[in-house]
Q: 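Please see the structure below; I have some questions.
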Amino acid sequence: MKVFVIGAHGQIGKKIVSKLVARGEQVFAGIRRPDQAEAFEDAGAEPVAFNLLDQPSELALAFKGMDAVVFAAGSGGSTGYDMTLMIDLDGAVKSMQAAEIAGVKRYEIISAEFTVDRAKWPNSLKPYYVAKYYADEWLKTRTQLDYTILQPGTLVNDAGTGQVTVNPDVGGEITRDDVATFAVQALSTPTTIGQTIALINGETPIATAVKEAK
C-alpha cells in the first residue's frame, strides 16, 4: 500500500511513518523543510515537499497514485490561533479536497477526544477544538472519502502499552505510540471505514480493539 503521511515530522507522524515502514508499506512523508528529508530517507520513507498553505489542486499532485492519506499534522503550541485555523482546520479540509481530486479514497485523520461536546473543550485549547470539530464534520458530511477519524485523549510521551479503551465514557491519557499503532492497524482494517473512534489507554490489545471498534 502506498501511504502519504501529512505532518510526518510531528510527534505522532514520525511514529506512524516508522510503523508503516516496518509493516512493509511504501511510505511518502510530507515535510515542510528540506533539512527534514534525510531522516526519512534513512528510515525507509520517501520525503515529499508538502505545504498545507498551498491550494488543494497543488496538494493533489503529491497524492497521485496513493492508496491512502493520513493526516497527522498540527500547527503546534508555539503558533497563534491564526495558524491553528490555517493548518488544523483549513489545511485538513484542503487535504481532503486534494485526496478527492487525486482519486484517493482512503483517508485517516488524527483528531481529539470530545470534539463533539463543546462542554468538555478545555478553555486553553478551544480554538484547537473548534478546528478539529469542523474538520471532522467536513470529512463526514462534505466528502465521499472512506474515512476513519481517530479521537485520542490527552497525549503523553510514555512508552506504548499496546492496550487501549475504545469510545470510553470518560476522558483519559493515551501514549502517542499507541495512537500511532492504532492508526496504522486501522488504516488497513475495512471495518474502521466510516467510523469515529475515541481512544485512551486501557486493557484491550490494540489488534483486538481495532477489529471491534464501532
Side-chain angles (χ1 to χ4, degrees), residues 1-54 56 58-76 87-88 91-92 94-111 135 139 143 145-150 152 155 157 159-160 162 164 174-193 195 197 199 206-207 210-211 213:
M1 184 164 57
K2 293 183 178 180
V3 184
F4 193 100
V5 180
I6 305 170
H9 199 258
Q11 294 186 75
I12 293 178
K14 286 180 182 177
K15 294 179 181 294
I16 289 174
V17 169
S18 176
K19 292 174 187 293
L20 284 169
V21 169
R23 284 172 65 98
E25 312 294 2
Q26 190 172 354
V27 184
F28 297 79
I31 58 173
R32 288 186 298 108
R33 302 200 319 263
D35 64 326
Q36 297 169 343
E38 185 175 357
F40 287 105
E41 291 171 345
D42 292 343
E46 182 173 332
V48 180
F50 193 83
N51 190 338
L52 284 169
L53 298 180
D54 290 341
E58 298 173 275
L59 301 179
L61 297 175
F63 294 166
K64 288 293 185 180
M66 297 296 142
D67 298 304
V69 171
V70 178
F71 187 94
S75 60
I87 300 299
D88 298 81
K94 287 191 295 184
S95 74
M96 298 166 201
Q97 294 172 323
E100 293 194 303
I101 292 170
V104 182
K105 290 292 291 181
R106 191 72 173 101
Y107 185 98
E108 186 176 71
I109 189 169
I110 309 298
S111 182
L139 180 56
T143 79
L145 296 169
D146 292 337
Y147 70 83
T148 301
I149 300 171
L150 300 183
L155 298 169
N157 285 324
V164 297
I174 184 167
T175 73
R176 288 178 169 85
D177 190 77
D178 287 323
V179 174
T181 298
F182 195 101
V184 168
Q185 294 191 26
L187 194 63
S188 57
T189 304
T191 54
T192 65
I193 292 174
Q195 300 290 336
I197 304 168
L199 295 169
I206 290 175
V210 168
K211 294 176 183 177

Q: Any non-hydrogen side-chain atom of Asn157 less than 4.5 Å from a side-chain atom of Arg176?
A: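 Counting from C-beta outward, Asn157 and Arg176 do come under 4.5 Å.
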Q: Would the number of heavy atoms belonging to other residues, nucleotides or ligands and lying under 6.0 Å from NZ of Lys105 be above 12?
A: yes
Q: Hey, does Lys19 have a side-chain heavy atom less than 4.5 Å from the side chain of Gln185?
A: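 Side chain of Gln185 against side chain of Lys19, heavy atoms only: no contact under 4.5 Å found.
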Q: Has Glu25 got a side-chain atom pairing as donor or acceptor with Met1's backbone, closer than 3.5 angstrom?
A: yes
Q: Indicate yes or no for a side-chain donor-acceptor contact from Thr189 to the backbone of Val210 under 3.5 Å, with no hydrogens or angles considered.
A: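 Not confirmed, Thr189 side chain does not pair with Val210 backbone.
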Q: So, the side chain of Thr192 versus the backbone of Ala186: is there a donor-acceptor pair under 3.5 Å, distance only?
A: yes
Q: Can you tell if the side chain of Ile16 reaches within under 4.5 Å of the side chain of Leu187, non-hydrogen atoms only?
A: no
Q: Applying ring pair (Phe, Tyr, Trp, His ring centres under 6.0 Å), can you list everything that pairs with Tyr107, at least two apart in sequence or on another chain?
A: none
Q: With a 4.5 Å cut-off on side-chain heavy atoms, are Glu100 and Leu145 touching?
A: yes
Q: If you round to the nearest 0.5 Å, how far is CD of Glu108 from CD1 of Ile197?
A: 8.0 Å
Q: For Pro47 and Ala45, work out which heavy atoms get closest and say how close.
A: CD-O, 3.4 Å
Q: Is it true that a side-chain atom of Asp178 and a backbone atom of Gly160 form a donor plus acceptor pair closer than 3.5 Å?
A: no
Q: Looking at side-chain heavy atoms only, is the closest gap between Ile6 and Phe50 below 4.5 Å?
A: yes
Q: For Thr181, is there any backbone N or O sitting under 3.5 Å from a side-chain donor or acceptor partner on Lys15?
A: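 Absent.
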Q: Going by heavy atoms in the side chains, are Leu59 and Phe4 under 4.5 Å from each other?
A: no
Q: Check Ile101 against Ala60 and note the closest heavy-atom contact, atom names and distance.
A: CG2-CB, 3.7 Å
Q: Please examine the side chains of Arg106 and Ile193, heavy atoms only from C-beta on, and report whether any two atoms are closer than 4.5 Å.
A: yes
Q: Atom CG of Asp177 and atom CD of Gln11: how far apart are they, to the nearest 0.5 Å?
A: 12.0 Å
Q: Write down the atom of Lys2, the atom of Gly65, and the distance for their closest heavy-atom approach.
A: CD-O, 3.4 Å
Q: Can you list every side-chain hydrogen bond (donor to acceptor under 3.5 Å, both in side chains) pair that touches residues 44-54, not counting sequence neighbours?
A: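 Pairs touching residues 44-54 that pass the test: none.
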Q: Between Leu155 and Ile174, does a side-chain contact (heavy atoms from CB on, under 4.5 Å) hold up when you go through it step by step?
A: CA-CA 5 Å; Leu155 298 169; Ile174 184 167; 4.0 Å; yes
Q: Kindly give the heavy-atom pair with the smallest separation between Gly91 and Leu52, and that separation in Å.
A: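 What the structure gives for the nearest pair is O-CD2, 3.5 Å.
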Q: Using a 3.5 Å distance criterion without hydrogens, assess whether the side chain of Ser18 forms a donor-acceptor pair with backbone atoms of Lys14.
A: no
Q: How close do Ala159 and Thr175 get, heavy atom to heavy atom, and via which atoms?
A: O-CG2, 3.4 Å
Q: Taking the side chain as every heavy atom from C-beta outward, state whether Met96 and Ile109 have any atom pair closer than 4.5 Å.
A: yes
Q: Where do Asp88 and Gly74 come nearest, in terms of heavy atoms and distance?
A: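 Closest approach of Asp88 to Gly74: OD2-CA, 3.5 Å.
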